[in-house]
Amino acid sequence: MERVDTDVLIVGAGPTGLMLANQLGRRGVRAQIIDRHAGPARETRALGVQTRTLEIYAQLGIVERALELGRRATGANMWAEGRWAARVPLGDIGRELSPYPFVLILGQDDNERLMGDRLRDWGMAVQWRTELVGLAQEPGQVTATLKDPGGALRRLTAAWVAGCDGARSAVRELSGIGFPGEPYEHVFFVADTRATGSMVPDELNVYLWREGFHLFFPMRGADHWRVVGILPPALRGRDDLTFNDVIPSVRSEAGSGLVFQECTWFSTYRIYHRRAARFRDRRAFLLGDAAHIHSPVGAQGMNTGLQDAYNLAWKLALVTSRRAAPALLDSYEAERIPVAERLLRTTDRAFALIVSDDWLAGLFRTRILARILAFAMERETIRKLAFLTISQTGIRYRASPLSETLAGLPRGAPRAGDRVPWLRLKLEPTGSAEDLFQKLADTRFNLIVIGQSPPPGLGEPLHTLIVPEDPGNDRELAGVGIPKPSFYLLRPDGHIGLAGVRLEVAAVARYLQERVHLGSERGEPGVDTASSAD
Ligand SMILES: Cc1cc2nc3c(=O)[nH]c(=O)nc-3n(C[C@H](O)[C@H](O)[C@H](O)COP(=O)(O)OP(=O)(O)OC[C@H]3O[C@@H](n4cnc5c(N)ncnc54)[C@H](O)[C@@H]3O)c2cc1C
């Protein structure tokens with residue numbers, strides 16, 4: 001078979017494509033990333049960086065920079081019809097669950113810049129002004145037709161193509177994959193402003209009113225606020241709008257004392273909820289907005305795309321380096337479609353409640369919602385559930401073909417498919433407790449062995465951590481329901497692959513061979529997958 005020009009062609013250098021490029025680059029995969037724009041986007045667009053993303057940023061080596069640039073959302077102040085109603089504490093609600101137990105307010109442009117800069121460390125750079133215009137799948141490879149900056153067409157062959165090319169994805173359209181869903185009737189506006197008013201400084205301010213809401217996000221710099229709201233019906237359908245047209249309605253709800261000094265970016269956008277019918281056509285994958293779009297409620301969009309990329313990257317790395325058979329890639333869709341489905345369902349419900357024009361819903365929003373939220377967040381279990389959902393640390397793949405929980409683990413113990421809990425464990429008998437996440441190598445499988453000695457013969461590709469006998473370790477493990485003895489085999493992305501009580505070499509070897517398809521690669525980097533026909 002002829003050698004392809006690149007193992008992976010990444011189409012689109014938004015957050016999703018940049019994350020995928022980084023994850024492939026640091027694993028030594030031959031990959032190219034193209035984007036039809038002339039350079040990085042300047043707009044902030046998405047703002048909320050969730051806990052799970054920060055954990056991944058830590059592995060990528062960019063979390064410190066992100067934390068320096070961003071602002072931690074410590075609380076949300078709820079205003080009902082101009083009057084302060086309640087404060088929902090957001091800071092540290094997941095204190096015991098992650099080293100980054102908060103939402104970080106950091107614009108999409110900053111996120112893209114951090115990931116774009118990091119690309120250089122792997123010897124990669126985005127090829128700007130390069131557009132994908134054609135895609136043909138042949139046995140063993142994909143031929144992409146690219147339009148270069150001067151307008152010339154050229155062909156590039158790749159073993160795999162990753163469509164990270166946004167809501168109007170060319171990869172999706174050229175692959176004939178449907179994108180069913182609907183637009184919402186409301187039109188959103190978003191504005192980056194300098195403003196003073198009743199807003200509680202440095203916190204999220206939510207102004208609820210009968211006809212809708214306005215959100216004020218604190219941004220970097222004095223009096224810098226991102227304002228998001230729904231366009232008043234009278235303004236819908238106009239394409240010459242400026243922020244000045246919207247100010248009267250914002251002022252009437254957020255208070256007449258509101259003064260806007262400057263608006264650096266204003267945009268309106270229609271929101272859709274759509275999901276691609278499949279996330280894959282043979283050698284082409286869909287990730288991020290190319291695969292799913294939904295309302296911005298909960299700041300999940302960008303984060304979900306980043307997670308799609310993190311899920312696919314380690315699998316592509318094993319397949320392109322011929323350490324695993326392409327059948328491993330089947331688990332991408334099996335794991336990420338249910339996540340997208342759940343996300344669309346929950347954001348749709350929340351959005352309907354927030355924007356409903358219904359009189360009763362308006363009353364609920366202004367009289368009841370703020371108080372319920374504040375009351376609920378005082379309850380530990382509700383707070384934890386809210387954190388797990390919004391932070392994306394609760395995402396799990398229990399039904400995945402890559403998840404196997406062996407008999408004997410008690411109910412309540414973490415199971416295969418779950419993200420491994422964050423623990424502080426003493427890993428050296430004479431040392432002090434260390435952050436487990438810092439000890440995990442996310443480019444390898446990690447094996448955590450508890451209350452037993454690892455049997456000989458485990459070897460590559462495992463990175464083994466033995467948890468010594470220690471009362472502090474016992475308390476930490478018991479706190480998350482991990483019994484002694486037990487073992488947890490983690491996939492590179494930190495999700496549990498295999499979990500059980502007594503560690504046996506044969507069970508681990510069988511898991512890696514039969515479920516991960518390690519060591520069962522049978523040919524060149526273009527072998528067809530077992531489940532899909534070229
Ligand atoms: C106005 C606005 C406000 C938003 N606010 C929020 C928010 O507050 N919170 C939130 O979570 N989300 C928000 N979003 C959504 C969020 O921006 C997206 O979820 C996120 O950008 C998805 O990232 P992506 O990389 O998958 O796609 P994109 O960011 O859309 O990137 C796709 C890239 O692919 C490139 N491309 C497209 N076609 C081709 C082609 N044929 N060849 C080469 N390159 C191509 C494009 O140039 C683009 O750079 C907002 C979106 C908009 C428009």
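Because only heavy atoms are used, hydrogens play no part in the values below, and waters and symmetry mates are left out as well, while side chains stay in. We count ligands from 1, going down the list as the structure has it; atoms in each ligand are counted the same way.
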K.L.:
Return the set of residues passing side chain to side chain donor-acceptor pair (under 3.5 Å) with Asp308 (not counting sequence neighbours), or none when no residue passes.
P.N.:
His292, Arg336
K.L.:
I'd like the name of whichever of Ala46, Gly288, Cys164 reaches closest to atom 6 (C) of ligand 1 through any heavy atom.
P.N.:
Ala46
K.L.:
Check Arg419 with Glu55, please: is the shortest side-chain N to carboxylate O separation under 4.0 Å?
P.N.:
yes
K.L.:
Considering non-hydrogen atoms of the protein only, which is the closest contact for atom 26 (O) of ligand 1, and what is the distance?
P.N.:
Thr16 OG1, 2.8 Å
K.L.:
What part of Gln108 sits under 4.0 Å from ligand 1 if we count only heavy atoms: the side chain, the backbone, both or neither?
P.N.:
side chain
K.L.:
Among protein heavy atoms, which sits nearest to atom 31 (O) of ligand 1, and what does the distance come to when rounded to 0.1 Å?
P.N.:
Gly14 CA, 3.6 Å
K.L.:
Tell me: protein heavy atom nearest atom 11 (O) of ligand 1, and distance?
P.N.:
Gly301 N, 3.1 Å
K.L.:
Once side chain to side chain donor-acceptor pair (under 3.5 Å) is applied, do any residues pair with Ser321, and if so which ones, sequence neighbours excluded?
P.N.:
Arg323
K.L.:
Who gets closest to atom 1 (C) of ligand 1 by heavy atom: Phe217, Tyr269, Phe189?
P.N.:
Tyr269
K.L.:
Quick one: do Glu335 and Lys315 make a salt bridge, cutoff under 4.0 Å?
P.N.:
yes
K.L.:
Does the distance from a Lys or Arg side-chain N to an Asp or Glu carboxylate O, for Arg220 and Asp110, drop under 4.0 Å?
P.N.:
yes
K.L.:
Any carboxylate oxygen within less than 4.0 angstrom of a Lys/Arg side-chain nitrogen, looking at Asp289 and Arg168?
P.N.:
no
K.L.:
Taking the six-membered ring for Trp, are Tyr207 and Phe216 closer than 6.0 Å centroid to centroid?
P.N.:
yes
K.L.:
Need the ligand 1 atom indices (1-based, order shown) with element for anything under 4.0 Å from a heavy-atom of Thr130.
P.N.:
43 (C)
K.L.:
Should the pair Asp148-Arg129 be classified as a salt bridge under the 4.0 Å nitrogen-to-oxygen rule?
P.N.:
no
K.L.:
Atoms of ligand 1 less than 4.0 Å from Glu131 heavy atoms?
P.N.:
40 (C), 41 (N), 42 (N), 43 (C)
K.L.:
Just to confirm my output: which protein heavy-atom neighbour is closest to atom 45 (C) of ligand 1, and how far is it?
P.N.:
Arg36 CG, 3.8 Å
K.L.:
How close does the nearest protein non-hydrogen atom get to atom 28 (P) of ligand 1, and which residue and atom is it?
P.N.:
Arg45 NH2, 3.7 Å
K.L.:
I want to confirm something. Looking only at heavy atoms, which of Gly39, Ala290, Pro15 is nearest to atom 23 (O) of ligand 1?
P.N.:
Pro15
K.L.:
Would you call Asp442 and Arg26 a salt bridge, using N to O less than 4.0 angstrom?
P.N.:
yes
K.L.:
Note the single closest protein heavy atom to atom 15 (C) of ligand 1, along with its residue, its atom name and the distance in Å.
P.N.:
Asp289 OD2, 4.4 Å
K.L.:
Considering only heavy atoms of Ala170, which atoms of ligand 1 have at least one such atom less than 4.0 Å away?
P.N.:
41 (N)
K.L.:
Give the numbers and elements of all ligand 1 atoms closer than 4.0 Å to a heavy atom of His37.
P.N.:
47 (O), 49 (O)
K.L.:
So, taking the atom named CZ in Phe102 and the one named CZ in Arg71, what distance separates them when rounded to the nearest 0.5 Å?
P.N.:
14.0 Å
K.L.:
Is Val228 touching ligand 1 with its side chain, its backbone, both, or neither, if touching means heavy atoms under 4.0 Å apart?
P.N.:
neither
K.L.:
Looking only at protein heavy atoms, identify the closest one to atom 36 (N) of ligand 1 and say how far it is in Å.
P.N.:
Asp165 CB, 3.8 Å
K.L.:
Name the option, out of Leu287, Val11, Leu132, that contains the heavy atom nearest to atom 41 (N) of ligand 1.
P.N.:
Leu132
K.L.:
Give a yes or no on whether a salt bridge exists between Arg278 and Glu333, defined as a side-chain N under 4.0 angstrom from a carboxylate O.
P.N.:
no
K.L.:
For atom 47 (O) of ligand 1, which candidate among Val49, Asp35, Ile271 holds the nearest heavy atom?
P.N.:
Asp35
K.L.:
Can you confirm if the aromatic rings of Phe260 and Phe243 lie within a centre distance of less than 6.0 Å?
P.N.:
yes
K.L.:
Can you tell me the protein heavy atom closest to atom 27 (O) of ligand 1 and the distance?
P.N.:
Gly166 CA, 3.7 Å
